[in-house]
Chemist: 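Just passing along the structure, written as structure tokens.
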There are 2 protein chains.
Amino acid sequence: MFEPLYLYIENYSSLTLTQPEKELISHTFKLKRLRKKQYYLQEGDISKYIGFLIKGAMRMYSVDHKGHEHIIRFGVENWWMGDYESYNMNTPSRYNIDAVEDSELLAISGHQMQELMAKIPAVNAMIKLLDRRSNIAVQNRVHAAISLTAEERYQNLQETYPAFLQRFPQNMIASYLGISPETLSRIRKHSMMSKKAI
Amino acid sequence: MFEPLYLYIENYSSLTLTQPEKELISHTFKLKRLRKKQYYLQEGDISKYIGFLIKGAMRMYSVDHKGHEHIIRFGVENWWMGDYESYNMNTPSRYNIDAVEDSELLAISGHQMQELMAKIPAVNAMIKLLDRRSNIAVQNRVHAAISLTAEERYQNLQETYPAFLQRFPQNMIASYLGISPETLSRIRKHSMMSKKAI
DNA sequence: GAGCATGCTTGATAAATGTCAAGCTCATTA
DNA sequence: TAATGAGCTTGACATTTATCAAGCATGCTC
């Protein structure tokens, strides 16, 4: 059950975990199972735990005053889920996180994570690199959001995270791109027609 | 000249710098002066240095196929400037960075930064926290970009970084928000009129 | 198998935003 | 001082995207 996490840490840190380190990890993280549509975090709660997804698919989103959902982040196997802002600042979250498929994640509190980082160099290095990579990824999303048209953003997503398109329903993809489901439907129709033309 | 940087590191790390540490820092960072409109980085270059702004104002932006500029990030005193993606991955940058006012920054290479982080705990802690904060800030920007209207994004900027509105010309603010200068002008007119009405 | 919910598509129309062109103000410079 | 250019505003119009409403599959539940 913890194998994917060990591998992930070793990959991201370029270090090897010792047996005692693995045991410490397996005793610290707790397995959490979620049914499809079940909440992992609700708006207003504090994100005390952050989770490493070992199975399933999840999303983090806000709900605006009109009741529309806006997806900030998707997660599938080997991704971390949680509201970093709430988790790090100990503030109530503006977001909801729920399971899009039946999911399993390994959860750890902020306090426990600090301990693991202090005790296990590989975990420390992994988090450092993760923060860095995440920064880059989010910045690229900002770039896409402010400089590309809806159609270009869709193509960009196709190139960057093709797996999402298979995994999440179209209305969620639209929400992730910041457009309405109708517009996404029309964009797809349009781009299929231009492919045929070639 | 290095005082602001020492203070910044001490603040972000909650640690105090020793005299030898300060000397190491002052011998590692190099002062770089930029005239208004001068480039710090041009598209296609690799961002070898990252700079801590001690004076002035700068921006990082991309230019699209129509020649339009899209501002990804602003920087003023006590902000870091550089393309993190290019800096960390050693890849050519898609962005330009230039000075909006005459500016001075303290520059350091990625390699030198690794060394400082290894030798000075405060620098290590500072970078860790900076990466974390930056993640949160960029994620909030994604949230704004996909879920708010142009007018709401402007109000959000007013609340989050009011200093930017004083410091950067309106057409750059528009570019940062992902809207045309004309639209921003109309939004401002509109929100001034509703203020008067109150 | 009937009924029902969910997700996707399509059309008609409305609202938001972009584009183009012109004019105005202000600071800078020749 | 005149001239220039940069930045901001405004109007007319075009384009993009959202909204609302309807219909159609598909799969699930009783």
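The chains referred to below are lettered A, B, ... by the order of the sequence lines, with proteins before strands, and numbering in each begins at 1.
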Chemist: Specify the separation, in whole Å, of atom CG of A:Asn171 and atom P of C:dT9.
Modeler: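 Distance, rounded to whole Å: 11 Å.
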Chemist: Ring-plane angle category for B:Phe2 and B:Tyr6, please: parallel below 30°, perpendicular beyond 60°, tilted otherwise.
Modeler: parallel
Chemist: Check the angle between the aromatic planes of B:Phe74 and B:Phe168 and answer parallel, tilted or perpendicular using the 30° and 60° thresholds.
Modeler: parallel
Chemist: In whole angstroms, how far is the P atom of D:dT16 from the CD atom of A:Glu151?
Modeler: 10 Å
Chemist: Could you check whether B:Phe52 and B:Phe29 have their ring centres less than 6.0 Å apart?
Modeler: no
Chemist: When the distance from CD of B:Glu69 to C1' of D:dA6 is rounded to whole Å, what number comes out?
Modeler: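 Going from B:Glu69 (CD) to D:dA6 (C1'), I get 13 Å.
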Chemist: Is the B:Trp80 to B:Tyr12 ring centre distance short of 6.0 Å?
Modeler: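 No.
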Chemist: Between D:dA18 atom P and B:Leu148 atom CG, what is the distance in whole Å?
Modeler: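 Atom CG in B:Leu148 sits about 14 Å away from atom P in D:dA18.
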Chemist: If we ignore hydrogens and angles and just use 3.5 Å, is the side chain of A:Asp102 paired with the main-chain N or O of A:Arg35 as donor and acceptor?
Modeler: no
Chemist: Tell me whether the side-chain N/O atoms of A:Lys189 come closer than 4.0 Å to OP1 or OP2 in C:dT10.
Modeler: yes
Chemist: To the closest 0.5 Å, what do you measure between OH (A:Tyr40) and NZ (A:Lys32)?
Modeler: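 If I round to the nearest 0.5 Å, the distance is 7.5 Å.
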Chemist: Using a cut-off of 4.0 Å on non-hydrogen atoms, how would the nucleic acid contact of B:Lys66 be classed: base, sugar-phosphate, or nothing?
Modeler: sugar-phosphate
Chemist: Taking the basic N atoms (NZ, or NE/NH1/NH2) and the acidic carboxylate oxygens, is any pair closer than 4.0 Å for A:Asp98 and A:Lys37?
Modeler: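 A:Lys37 and A:Asp98: not salt-bridged.
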Chemist: Can you tell me how far P of D:dC8 sits from CZ of B:Phe168, to the nearest Å?
Modeler: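 These atoms are roughly 13 Å apart.
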Chemist: Between A:Arg167 (CZ) and C:dG7 (P), how many Å, whole number?
Modeler: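 To the nearest whole Å, that distance equals 17 Å.
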Chemist: Could you check which residues of residues 175-186 of chain A get a heavy atom under 4.0 Å from DNA chain D? Sort them by number, please.
Modeler: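 Result for residues 175-186 of chain A: A:Gly178, A:Ile179, A:Ser180, A:Glu182, A:Thr183, A:Arg186, sorted by number.
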Chemist: Rounding to a whole Å, what distance do you find between B:Tyr154:OH and C:dT17:P?
Modeler: 15 Å
Chemist: Could you tell me the separation between the CD1 atom of A:Ile187 and the P atom of C:dT9, rounded to a whole number of Å?
Modeler: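 After rounding, the reported distance stands at 12 Å.
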Chemist: Is A:Gln170 near enough to C:dT9 that one of its side-chain N or O atoms lies under 4.0 angstrom from OP1 or OP2?
Modeler: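 A:Gln170 to C:dT9 OP1/OP2: side-chain N or O found under 4.0 Å.
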